[in-house]
**Student:** 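Shown below is the structure under consideration.
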Amino acid sequence: MGAGRDRVTSTTVIADPAIRLTALARAVRARLVGWRSRREIAAFFRLPYEARVEAVKEIYAHRNMLASFERFFAARDRLAVFPQPFYDLIYAYAEALAPAAILQLGCFTATESRWLAMKGCRARLIASDFDADRLAWLEQRFSGTPYAGIAFRTLDLEAVRADELADADLIVCNAVLSNLQPEGLERLMSALAASPVRCLVLSDVYSRETLSPDPKRTRSLPSPVDRNWFHPYLALAAKHGLDAFFLPDFVASSFEAARGIFVIHRHLPQKIHDAAIAAGMRHYLERQTAILTDPGPGA
């Protein structure tokens with residue numbers, strides 16, 4: 001009988017003209033907001049290079065992200081159950097290469113560095129970001145925690161130099177380089193090629209068109225839904241004399257945008273990649289049950 005009342009109430013609500021008009025108004029408003037957002041995004045990609053860089057830096061400036069950072073670190077720590085195999089792979093490459101130092105690009109909440117520290121990685125961990133205020137906040141936040149050993153470095157990826165990468169054997173980054181403008185990514189790849197870095201492991205969005213390994217097809221494509229870029233990592237690596245390959249990756253947002261792992265390296269032997277990929281999958285399977293049974297944020 002209770003279910004019957006629910007059905008009657010539901011039918012009454014749907015038939016109510018006032019509620020129908022309200023729903024219509026919301027739909028129209030959402031459509032207008034979406035249209036306005038698409039116009040703003042399209043306008044962003046027409047801006048000069050310097051203006052695009054400043055717009056992205058303003059969005060991700062620490063002063064504008066501080067409230068979300070505080071909420072993130074106040075919530076339950078879910079680091080061990082992050083679903084991306086990317087994290088298992090970077091740890092596996094740390095095992096395979098035994099690097100003296102690992103540099104994280106665009107650290108944000110320093111997830112990659114915290115993950116490696118949690119796994120007991122022996123390398124010197126360096127978390128970098130363009131915003132010195134963010135790094136100072138993280139350094140204070142990590143004081144007295146298992147992450148206190150992470151070092152911090154201010155690094156502007158739009159203008160990075162080879163000498164700023166020189167002390168890292170392995171570089172890692174997740175969902176960072178799609179925020180970089182194509183001009184800046186070209187400079188980063190040039191700096192990477194001129195540095196002694198052995199390997200860069202990154203996870204980011206891609207489109208079918210940007211998966212070509214042809215060094216002549218190095219055009220980045222703008223995203224239609226945000227200010228990110230789909231970058232041709234494989235083609236850029238080939239252009240700069242580096243080797244690269246692609247692996248699939250996964251996060252919840254993969255339902256909306258394809259996400260992959262790109263391994264860019266300085267002609268490392270295939271046996272190193274074989275060992276790292278196998279170990280990465282073993283690490284992922286070891287924690288898969290915990291990932292799939294984790295209740296998620298807010299639980």
**Student:** Report yes if the distance between the aromatic ring centroids of Tyr206 and Phe246 is under 6.0 Å, otherwise no.
**Tutor:**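 Yes.
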**Student:** Grouping I, L, V, M, F, W and Y whenever their side-chain heavy atoms are under 4.5 Å apart, do Val263 and Leu268 come out in a common cluster?
**Tutor:**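 Per the 4.5 Å side-chain linkage, Val263 and Leu268 are co-clustered.
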**Student:** Any chance you could measure Ser68, atom OG, to Leu66, atom CG, to the nearest 0.5 Å?
**Tutor:**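 Going from OG on Ser68 over to CG on Leu66, the span is 8.0 Å.
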**Student:** Step by step, work out the side chain to side chain contact (heavy atoms under 4.5 Å, CB included) result for Cys199 and Tyr93.
**Tutor:** CA-CA 9 Å; Cys199 188; Tyr93 266 95; 4.1 Å; yes
**Student:** Describe, in one word, how the ring planes of Phe142 and Phe73 are oriented to each other, choosing from parallel (under 30°), tilted (30 to 60°) and perpendicular (over 60°).
**Tutor:**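 Phe142 and Phe73: perpendicular rings.
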**Student:** Can you tell if the side chain of Leu200 reaches within under 4.5 Å of the side chain of Cys173, non-hydrogen atoms only?
**Tutor:**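 Heavy-atom side-chain distance check passes, below 4.5 Å.
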**Student:** Answer yes when Asp294 and Arg78 have at least one side-chain N-carboxylate O distance shorter than 4.0 Å, and no when they do not.
**Tutor:**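 Yes.
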**Student:** How about Phe130 and Leu157: do any of their side-chain heavy atoms sit closer than 4.5 Å?
**Tutor:**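 Contact flag for Phe130/Leu157 side chains = no.
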**Student:** Is there side-chain contact between Tyr284 and Leu89, with heavy atoms separated by less than 4.5 Å?
**Tutor:**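 They are not in side-chain contact.
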**Student:** Please round to the nearest 0.5 Å and tell me the distance separating atom CG of Asp163 and atom CG of Asp167.
**Tutor:**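 Nearest 0.5 Å value for the CG-CG distance: 9.5 Å.
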**Student:** Out of the candidates Phe230, Tyr233, Phe245, Phe86, only one should pair with Phe262 under the ring pair (Phe, Tyr, Trp, His ring centres under 6.0 Å) rule; please name it.
**Tutor:**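 Of Phe230, Tyr233, Phe245, Phe86, ring pair (Phe, Tyr, Trp, His ring centres under 6.0 Å) with Phe262 is met by Tyr233 alone.
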**Student:** Can you measure from CG (Leu47) to CD (Gln181) and round to the nearest 0.5 angstrom?
**Tutor:**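 If I round to the nearest 0.5 Å, the distance is 9.0 Å.
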**Student:** Same hydrophobic cluster for Ile41 and Ile59, using side-chain heavy-atom links shorter than 4.5 Å among ILVMFWY?
**Tutor:**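 Same cluster: Ile41 reaches Ile59 through Ile, Leu, Val, Met, Phe, Trp or Tyr contacts under 4.5 Å.
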**Student:** Considering only heavy atoms from C-beta outward, does the side chain of His283 approach that of Tyr91 to under 4.5 Å?
**Tutor:**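 In contact.
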**Student:** Restricting to non-hydrogen atoms, name the atom on Arg161 and the atom on Glu164 that form the minimum distance, rounded to 0.1 Å.
**Tutor:**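 Scanning both residues, the minimum pair turns out to be N-OE1, 2.8 Å.
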**Student:** Return yes if some donor-acceptor pair links the side-chain N/O of Asp204 with the main-chain N/O of Leu177 below 3.5 Å, else return no.
**Tutor:**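 Judged by distance alone, yes, a pair lies under 3.5 Å.
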**Student:** Sequence neighbours left out, cut at 3.5 Å: what donor-acceptor pairs do the side chains of residues 211-220 make with other protein atoms?
**Tutor:**
residue, atom, partner, partner atom, Å
Ser212, OG, Asp214, N, 3.1
Asp214, OD1, Lys216, N, 2.9
Ser220, OG, His231, ND1, 2.7

**Student:** Examine Tyr60 and Leu138 and state if one hydrophobic cluster contains both, with Ile, Leu, Val, Met, Phe, Trp and Tyr joined whenever side-chain heavy atoms are less than 4.5 Å apart.
**Tutor:**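 Yes; Leu138 is reachable from Tyr60 via cluster members.
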**Student:** Nearest 0.5 Å, what's the CD1-CG distance between Ile90 and Leu202?
**Tutor:**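 Output value for this atom pair is 11.5 Å.
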**Student:** Same cluster for Phe152 and Phe72 if Ile/Leu/Val/Met/Phe/Trp/Tyr side chains link at under 4.5 Å?
**Tutor:**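 Both belong to a single hydrophobic cluster.
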**Student:** Report yes if some heavy atom in the side chain of Ile171 is under 4.5 Å from a heavy atom in the side chain of Val201; otherwise report no.
**Tutor:**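 A side-chain contact is absent here, since even the closest heavy-atom pair is not under 4.5 Å.
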**Student:** What I want to check is whether the side chains of Gln84 and Ser203 have a donor and an acceptor closer together than 3.5 Å.
**Tutor:**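 Yes.
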**Student:** Any non-hydrogen side-chain atom of Leu155 less than 4.5 Å from a side-chain atom of Leu105?
**Tutor:**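 Sidechains of Leu105 and Leu155: in contact.
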**Student:** Between Arg187 and Asp156, is there a side-chain N and carboxylate O pair less than 4.0 Å apart?
**Tutor:**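 The answer is no: the pair does not qualify as a salt bridge.
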**Student:** For the residue pair Glu112 / Asn174, report whether a side-chain donor-acceptor contact shorter than 3.5 Å exists.
**Tutor:**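 There is no such pair (donor and acceptor under 3.5 Å, judged by atom type) between the side chains of Asn174 and Glu112.
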**Student:** Taking all non-hydrogen atoms of both residues, which atom of Arg259 and which atom of Ala175 are closest, and how far apart?
**Tutor:**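 Scanning both residues, the minimum pair turns out to be NH1-CB, 3.8 Å.
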**Student:** Compute whether any side-chain donor of one residue and acceptor of the other, for Asp243 and His267, lie under 3.5 angstrom apart.
**Tutor:**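 Note: Asp243 and His267 side chains meet the donor-acceptor criterion.
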**Student:** Side chains of Asn64 and Glu58: closer than 4.5 Å at any heavy-atom pair?
**Tutor:**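 The answer is yes; the side chains approach within 4.5 Å.
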**Student:** Any side-chain heavy atom of Cys121 sitting closer than 4.5 Å to one from Ile102?
**Tutor:**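 In contact.
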**Student:** Regarding Glu158 and Lys57, does a basic nitrogen lie under 4.0 Å from an acidic carboxylate oxygen?
**Tutor:**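 No, this pair does not count.
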**Student:** Looking only at heavy atoms, what is the nearest atom pair of Leu116 and Ala94, with distance?
**Tutor:**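 Of all heavy-atom pairs spanning Leu116 and Ala94, the closest is CD2-CB, 4.5 Å.
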**Student:** If every non-hydrogen atom of Arg153 is compared with every non-hydrogen atom of Ile126, which pair is closest and at what distance?
**Tutor:**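 Smallest interatomic distance, heavy atoms only, reads NH2-CD1, 3.7 Å.
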**Student:** Decide whether Tyr49 and Met189 are clustered together by the hydrophobic rule: side chain heavy atoms of Ile, Leu, Val, Met, Phe, Trp, Tyr closer than 4.5 Å, transitively.
**Tutor:**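 No: no chain of side-chain contacts under 4.5 Å links Tyr49 to Met189.
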**Student:** Measuring from Glu95:CD to Lys119:NZ, what's the distance to the nearest 0.5 Å?
**Tutor:**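 Spacing of CD (Glu95) from NZ (Lys119) equals 8.0 Å.
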**Student:** Rounded to the nearest 0.5 Å, what separates atom CG in Asp249 from atom CD1 in Ile261?
**Tutor:**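 Between atom CG of Asp249 and atom CD1 of Ile261 there are 4.0 Å.
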**Student:** Begin from the C-alpha positions of Leu170 and Leu103 and carry the test side chain to side chain contact (heavy atoms under 4.5 Å, CB included) through to its verdict.
**Tutor:** CA-CA 6 Å; Leu170 173 63; Leu103 174 64; over 6 Å; no
**Student:** Provide the closest heavy-atom pair for Ala117 versus Leu125 in the form atom of the first, atom of the second, distance.
**Tutor:**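 So the two residues come closest at N-CD1, 3.6 Å.
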**Student:** Check Leu192 against Arg266 and note the closest heavy-atom contact, atom names and distance.
**Tutor:**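 Answer, listing the atom of Leu192 first, then Arg266: O-NH2, 2.8 Å.
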**Student:** Quick one: side-chain hydrogen bond (donor to acceptor under 3.5 Å, both in side chains) pairs with a partner in residues 132-150, sequence neighbours left out?
**Tutor:**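 Non-adjacent pairs meeting side-chain hydrogen bond (donor to acceptor under 3.5 Å, both in side chains): Asp129-Arg134.
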**Student:** Checking Arg124 side chain against Pro99 main chain: does a donor-acceptor pair fall under 3.5 Å?
**Tutor:**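 No, the answer is negative, given that no donor and acceptor are paired below the 3.5 Å cut-off.
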**Student:** Check the pair Arg227, Arg52 against side chain to side chain contact (heavy atoms under 4.5 Å, CB included), reporting the backbone distance first and the verdict last.
**Tutor:** CA-CA 9 Å; Arg227 291 169 177 78; Arg52 280 181 274 125; over 6 Å; no
**Student:** If we ignore hydrogens and angles and just use 3.5 Å, is the side chain of Arg287 paired with the main-chain N or O of Ala80 as donor and acceptor?
**Tutor:**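 Yes; judged by distance alone, with no hydrogens or angles, the pair exists.
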**Student:** Set out, in order, the CA-CA distance, both residues' side-chain angles and the distance that settles side chain to side chain contact (heavy atoms under 4.5 Å, CB included) for Leu79 and Trp115, then state yes or no.
**Tutor:** CA-CA 7 Å; Leu79 183 63; Trp115 168 267; 4.3 Å; yes
**Student:** May I ask you to say whether Asp88 pairs ionically with Arg282, meaning some side-chain N is under 4.0 Å from a carboxylate O?
**Tutor:**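 Judged by the 4.0 Å cut-off on N to carboxylate O distance, Asp88 and Arg282 do not form a salt bridge.
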**Student:** For Phe108, give me all partners under ring pair (Phe, Tyr, Trp, His ring centres under 6.0 Å), at least two apart in sequence or on another chain.
**Tutor:**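 Scan of Phe108 (ring pair (Phe, Tyr, Trp, His ring centres under 6.0 Å), adjacent residues dropped) gives Phe69.
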**Student:** Checking Ser178 side chain against Asn228 main chain: does a donor-acceptor pair fall under 3.5 Å?
**Tutor:**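 No, because the side chain of Ser178 does not come within donor-acceptor range (under 3.5 Å) of the backbone of Asn228.
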